[in-house]
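Below is one structure, written out as structure tokens; comments come after it.
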Amino acid sequence: MNESARTLDTTVLTHGIKRSAPLTTPIEQHIEELRIKGFTLVDSGLTAGEIADARTKLDDIYEVQADEVGGEANLKLMNDANIARAVCAYDPLFLKIATLPVIMQISAAYLEQYVVLMSQNGIINQPSTDHYQFTWHRDLNYQHFTSSRPLSLSALVALDPFDDVTGGTYVLPATHLVEDFPSDEYVVNNQQVVTCPAGTIIFFNSMLFHRTGRNSSAGVRRAVNHIIVPPMLRQQYDFKGIFEDQGVEVDDPAVREYLGFAYTLPKSIREWRAGKIDAALAEQGAVA
Ligand SMILES: O=C(O)CCC(=O)C(=O)O
């Protein structure tokens with residue numbers, strides 16, 4: 001408990017209230033926090049040994065993935081330095097983390113429908129080094145709307161302590177309920193930094209504005225983020241596959257795009273990154 005919590009009056013008396021929300025299960029307390037302020041903290045239940053293992057494995061996977069694309073310089077080129085992607089496909093410990101009972105329970109209770117893992121990314125926050133995640137963002141990038149029910153849940157598992165020195169996670173409470181990014185003045189006056197021990201999961205509505213805190217310690221500060229969504233906005237069937245099976249050619253680029261021909265999912269992290277590296281190189285060429 002922090003100093004200000006210790007001095008707060010914790011009796012809850014009301015008047016003029018006809019509707020309120022009594023809690024019946026501990027999970028509901030977390031769902032209520034997610035609904036109102038947009039984030040909540042839960043212990044993952046991982047052992048100290050598993051957390052230590054996950055730290056080493058994350059660093060190893062990052063090295064492997066940097067090699068896959070011809071070196072870290074290419075990751076820097078596409079703003080993907082110090083991020084390890086789809087780590088559950090590289091080591092079973094990360095599949096265990098992605099499917100932790102508490103992650104499955106809270107995502108089912110919060111999203112209230114069938115959900116899938118949209119992404120799982122390791123964040124490697126190196127001391128005194130810039131990271132793409134230092135800048136404010138929503139995990140559903142470029143989206144500026146609110147919804148009466150949540151669309152997506154992020155589950156950020158701290159693998160190192162998040163504190164004032166290693167860098168907590170900065171959040172703007174309740175901004176999952178507001179369309180636009182607020183003014184700089186609002187950000188400065190209302191940002192909150194979430195700190196927690198290693199092994200904690202920071203769950204947040206993926207539309208909450210947040211960012212990684214700067215790491216001014218001497219060590220690396222690592223985390224794994226999961227974005228969990230109901231897969232409702234996707235094609236109901238594979239038009240591209242159906243057209244190909246029928247031997248039907250579609251030449252018009254606009255029609256190909258409309259039918260989702262360009263939307264096949266990358267089959268590997270190397271393939272996912274290849275397109276982005278090509279785009280970054282093309283942009284550099286255009287500027288030069
Ligand atoms: O590392 C953190 O504190 C936040 C990570 C983050 O912003 C993200 O994964 O989207």
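Start at 1 and go down the list; that is how both ligands and their atoms are numbered.
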Restricting to heavy atoms, the pick from V193, T166, D139, N215 nearest atom 10 (O) of ligand 1 would be D139

**Prompt:** Under 3.5 Å, side chain of R273 to main-chain N/O of L75, donor-acceptor pair present?
**Reply:** no

Taking a cutoff of less than 4.0 Å between a non-hydrogen atom of the residue and any ligand atom, is L156 in contact with ligand 1? yes

Per-atom filter on ligand 1: closer than 4.0 angstrom to a heavy atom of N225 are 8 (C), 9 (O), 10 (O)

- Item | Any donor-acceptor pair under 3.5 Å from N205 side chain to H176 backbone | no

Per-atom filter on ligand 1: closer than 4.0 angstrom to a heavy atom of R221 are 1 (O), 2 (C), 3 (O)

Give me the ring orientation class for F181 and F209: parallel if the planes are under 30° apart, tilted from 30 to 60°, perpendicular past 60°.
perpendicular

With heavy atoms and a 4.0 Å threshold, my read on which part of T212 contacts ligand 1 is both

**Q.** Under 3.5 Å: donor-acceptor pair, side chain of R222, backbone of G122
**A.** no

Ionic contact status for K276 with D80, cut-off 4.0 Å: no

Q. Less than 3.5 Å between some nitrogen or oxygen of H210 and one of ligand 1, yes or no?
A. yes

Ligand 1 to I123, heavy atom cutoff 4.0 Å, flagged ligand atoms 1 (O), 9 (O)

Counting from 1 in the order shown, the ligand 1 atoms closer than 4.0 Å to a non-hydrogen atom of T169 are 2 (C), 3 (O)

Run the side-chain hydrogen bond (donor to acceptor under 3.5 Å, both in side chains) check on S154 and S206 step by step: do they pass? CA-CA 5 Å; S154 297; S206 306; 2.8 Å; yes

